[in-house]
Amino acid sequence: MTIRILVDFDLCTGHGRCYNTSPDLLTEDEEGFVSTRWEPTTAADDRLGEAERAAAACPERAIRVEQD
Ligand code: F3S
């Protein structure tokens, strides 16, 4: 099983809390936005808690986590 982390770039304003909360899953681009602009980030489902913390940390609610 895997998880997918999806970012709504219409909502992301570059707060940076997601990649600071879960730096092993998410990183920043050169402008400070989360660097998953074109594709969802995938990970093993044992990282679900970490992904959900990243999503919860975003004040814009720009991150969604899905499980396959
Ligand atoms: Fe963007 Fe939210 Fe992260 S605004 S940089 S997705 S904390």
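Sequential numbering from 1 along the given sequence is applied to the chain's residues. Both counts, for ligands and for their atoms, begin at 1 and track the order of listing.
Ile63 is listed as a side-chain neighbour of Leu26, based on a closest heavy-atom distance under 4.5 Å. For the pair Asp46/Met1, no side-chain contact is recorded, criterion being any heavy-atom separation below 4.5 Å from C-beta on.
Here Glu50 does not pair with Arg53 in a salt bridge; the nearest charged N to carboxylate O distance is not below 4.0 Å.
Atoms of the protein (N, O or S only) found under 2.8 Å from atom 2 (Fe) of ligand 1 are Cys58 SG.
No donor-acceptor distance shorter than 3.5 angstrom exists from the side chain of Asp45 to the backbone of Leu48, with no hydrogens or angles considered. The backbone N or O of Thr27 sits less than 3.5 Å from a side-chain atom of Ser35, completing a donor-acceptor pair.
A donor-acceptor pair shorter than 3.5 Å cannot be found between the side chains of Thr42 and Thr2.
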